[in-house]
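One structure is given here, and the rest of the page talks about it.
Residue numbers start at 1 and run along the sequence shown.
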Amino acid sequence: MSNLDGLLVDIAAMVESEHSNQMSLTVVVPGAVITGRLAPVALWWERVADVLQASDHLKPFAALFAQPTAGPPARPTHLHLHRARILQGDFGLPHTGGMYRIAIGDISAWSVGDLSYSDA
């Protein structure tokens, strides 16, 4: 794994310690630009479990996301985004946002804030 960006790790750790989901972040990973809000890992797992539980076809997978088995690591290795969109052209996919788990080591660039497009 590549060297982790210490500042980005510190931001992720602060989100975990404060249990806040108000920090917006835009990241560049191989093949994509993703924008969304950072979420504490426990909240992210809970929301993914809720989505899976609501699906007749995916319900069996919900148990895998019910609770993180060991809790968050001492230093985060992944970002957990909700209301996240992959930016494609002049719109984001999915339009309403989704749940993404991104390895910090895969991030080549990032910016604080949620990128969005306007007609201006």
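- Here the closest non-hydrogen pair linking V41 and E16 is N-OE2, 2.6 Å.
- Applying the side chain to side chain donor-acceptor pair (under 3.5 Å) rule to S24 yields no partners; only residues at least two apart in sequence or on another chain are considered.
- Each salt bridge (charged side-chain N to carboxylate O under 4.0 Å, His left out) pair with one or both residues in residues 91-103, not counting sequence neighbours, would appear here, but there are none.
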Side chain to side chain contact (heavy atoms under 4.5 Å, CB included) between Y100 and I86, worked out: CA-CA 10 Å; Y100 292 93; I86 296 174; 3.6 Å; yes
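- Side-chain contact between D106 and V27: absent, with no pair of heavy atoms (C-beta onward) separated by less than 4.5 Å.
- Residues passing the side-chain contact (heavy atoms from CB on, under 4.5 Å) test with R83, sequence neighbours excluded: R37.
- Closest of all the heavy-atom pairs between L4 and P76 is CD1-O, 4.2 Å.
- Between L38 and L81, the shortest heavy-atom distance links the atoms CD2-CD2, 3.6 Å.
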Listed pairs under 3.5 Å, donor-acceptor, residues 56-65 side chains, sequence neighbours left out:
none

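- Taking CD1 of I102 as the reference point, atom NE2 of H80 lies at 9.5 Å (rounded to 0.5 Å).
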I34 and V28: CA distance, side-chain angles, deciding distance, side chain to side chain contact (heavy atoms under 4.5 Å, CB included) verdict: CA-CA 6 Å; I34 303 172; V28 177; over 6 Å; no
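- For D50, there are no side chain to side chain donor-acceptor pair (under 3.5 Å) partners at least two apart in sequence or on another chain.
- In plain terms, the two heavy atoms of D5 and I104 that are nearest each other are N-CG2, 4.4 Å.
- Listed by chain and residue number, nothing satisfies the side-chain contact (heavy atoms from CB on, under 4.5 Å) test with S111 (two or more places apart in sequence, or in another chain).
- Side-chain contact between P40 and L43 is present, with at least one heavy-atom pair separated by less than 4.5 Å.
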Just distance, no hydrogens or angles: give the donor-acceptor pairs under 3.5 Å from side chains in residues 6-15, sequence neighbours left out.
from, atom 1, to, atom 2, distance (Å)
D10, OD1, R75, NH1, 3.4
D10, OD1, R75, NH2, 2.5

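- By the side chain to side chain donor-acceptor pair (under 3.5 Å) test, W44 pairs with no residue at all, sequence neighbours left out.
- With values rounded to the nearest 0.5 angstrom, M99 atom CE is found 9.5 Å from E46 atom CD.
- Contact record, T35 with L87: CG2-CD2, 3.8 Å, taken as the closest heavy-atom pair.
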